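Note that the structure is a prediction, hence the values are computed from the model and not measured.
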Amino acid sequence: MRYFINSLISPKKFLEFSAQILPWLSIIFVLTFAYGLYGGLVLAPADIVQGDGFRIIYVHVPCAFLSLLIYAVMSGAAFCLLVWRLKMAALVMRHSASLGAGFTLLALITGSLWGKPMWGTWWIWDARLTSELILLFLYIGILLFQSAIAHKQAGERAVAILILVGSIDLPIIHYSVYWWNTLHQGASLNLFKASTIDSSMLYPLLAMLTAFITYYGLLLFLRIQHDIKENFHG
Amino acid sequence: MDKFQHFLQMGGYAAYIWTAYGIVLMFLFLQWLLTWHRRNKLATHE
């Protein structure tokens with residue numbers, strides 16, 4: 001655990017740690033993604049109400065989850081940058097933003113593709129969809145801001161403040177289905193209660209979630225490694 | 001063959017499901033490709 005925390009502080013230690021963990025992340029990703037795809041498309045039975053249309057859940061939910069998780073990681077990194085001025089935190093912020101924006105866009109697109117046959121509409125201005133769209137705008141704003149400031153230290157602190165201010169959107173997105181009367185269904189998974197989904201449908205979903213989280217970790221580590229070698233070495 | 005056609009049709013939702021999966025898989029692949037390409041470029045310069 002101490003080795004992991006040390007690796008987050010020092011670029012040199014991060015290179016050593018990431019070189020060890022990347023092969024394992026690759027294996028975990030391939031196995032969970034393969035099972036998740038097969039389980040979601042073949043093994044899981046058709047839903048009694050939505051038929052085979054529900055199978056979009058196996059890409060939509062992981063994308064939506066990643067859109068929130070990545071922003072939460074960026075918020076944590078922003079806090080570390082402002083309080084402890086960690087170089088690694090700036091790298092996490094910089095290399096997570098484009099992935100977060102991509103997954104948010106995918107969540108909206110796959111959500112539309114699911115909504116059209118089920119709700120009869122590609123889009124509706126309900127709380128969950130609208131707050132997720134705001135998240136996409138936040139990511140785009142962060143990306144534009146990052147490209148405008150390049151590597152200046154003061155600019156990175158400004159981006160960190162922007163990220164932290166925008167993090168208010170995360171609980172709004174998560175709780176929107178409880179606070180307002182929304183068309184979007186409630187949470188598919190719950191940490192503190194038994195899931196309402198049958199296990200034949202649940203396990204592939206958990207596998208896809210694991211695969212997507214591992215994929216984010218994989219790409220983040222690879223990009224930070226590349227950045228360190230390009231800019232910090234020598 | 002029937003089973004495979006039934007699988008492809010996805011109960012009439014084929015267009016929505018395969019488009020969703022296709023876009024997501026393409027994104028995952030392109031992001032990985034971009035990352036791999038940048039690393040290779042750096043390795044070549046070294």
Side-chain angles (χ1 to χ4, degrees), chain A residues 22 26 29 33 36-37 40-42 45-47 50-63 66 95 98-99 101-103 105-118 122 208 211-212 214-216 218-231 233-234, chain B:
Chain A
L22 278 173
S26 305
F29 169 71
F33 193 65
L37 270 186
L41 289 171
V42 179
D47 184 69
Q50 300 185 40
D52 286 305
F54 95 99
R55 295 184 196 280
I56 295 181
I57 196 174
Y58 296 106
V59 287
H60 173 68
V61 167
C63 287
L66 259 287
H95 294 292
S98 61
L99 288 171
F103 281 116
L105 184 61
L106 285 177
L108 291 169
I109 292 172
T110 54
S112 284
L113 287 165
W114 195 359
K116 179 60 179 169
M118 299 306 155
W122 295 106
M208 285 296 266
F212 274 62
T214 311
Y215 176 84
Y216 164 58
L218 204 49
L219 248 61
L220 183 64
F221 278 24
L222 284 170
R223 289 177 180 192
I224 292 177
Q225 260 189 354
H226 171 84
D227 201 322
I228 291 172
K229 286 175 183 172
E230 212 178 23
N231 297 309
H233 246 43
Chain B
M1 199 59 193
D2 269 345
K3 259 190 172 176
F4 185 65
Q5 280 211 322
H6 178 76
F7 167 75
L8 285 178
Q9 278 164 11
M10 282 288 167
Y13 297 107
Y16 302 103
I17 292 172
W18 296 123
T19 304
Y21 278 76
I23 291 171
V24 170
L25 288 173
M26 206 155 46
F27 173 80
L28 296 179
F29 175 69
L30 284 173
Q31 286 294 326
W32 172 81
L33 192 67
L34 263 169
T35 307
W36 179 81
H37 177 69
R38 276 187 217 147
R39 284 169 66 89
N40 262 12
K41 230 169 131 185
L42 181 69
T44 313
H45 283 146
E46 280 173 354

*Asks:* What closest approach, in Å, do A/L41 and B/F7 show between heavy atoms, and which atom pair accounts for it?
*Replies:* O-CE1, 3.5 Å

*Asks:* Can you tell me how far the OG1 atom of B/T35 sits from the CZ atom of A/R223, to the nearest 0.5 Å?
*Replies:* 3.5 Å

*Asks:* Could you tell me whether B/Y21 and A/Y58 have their ring centroids closer than 6.0 angstrom?
*Replies:* no

*Asks:* Do you know which two heavy atoms are closest between A/V59 and B/A20, and how far apart they sit?
*Replies:* CG2-CB, 4.3 Å

*Asks:* Checking B/Y13 side chain against A/P117 main chain: does a donor-acceptor pair fall under 3.5 Å?
*Replies:* no

*Asks:* Could you check if a side-chain atom of A/L113 sits within less than 4.5 angstrom of a side-chain atom of B/W18, using non-hydrogen atoms only?
*Replies:* no

*Asks:* So do B/L28 and A/F212 actually touch side chain to side chain, heavy atoms under 4.5 Å?
*Replies:* yes

*Asks:* Nearest 0.5 Å please: distance from the CG atom of A/L106 over to the CE atom of B/M26.
*Replies:* 9.5 Å

*Asks:* Tell me the closest heavy-atom pair linking B/V24 and A/C63, and the distance in Å.
*Replies:* CG2-SG, 4.1 Å

*Asks:* Which word best sums up how the rings of B/Y16 and A/W122 line up, parallel for under 30°, tilted for 30 to 60°, or perpendicular for over 60°?
*Replies:* tilted

*Asks:* Please state whether the side chain, the backbone, both or neither of A/F103 comes within less than 4.5 Å of a heavy atom of chain B.
*Replies:* both

*Asks:* Does the side chain of B/I23 come within less than 4.5 Å of A/T110's, by heavy atoms?
*Replies:* no

*Asks:* Just how far is it from atom CZ of A/F54 to atom CE of B/M10, taken to the nearest 0.5 Å?
*Replies:* 9.5 Å

*Asks:* So which of A/Q225, A/E230, A/H226 actually passes side chain to side chain donor-acceptor pair (under 3.5 Å) with B/R39?
*Replies:* A/Q225

*Asks:* Can you tell me how far the OG1 atom of B/T19 sits from the CD1 atom of A/I109, to the nearest 0.5 Å?
*Replies:* 11.0 Å

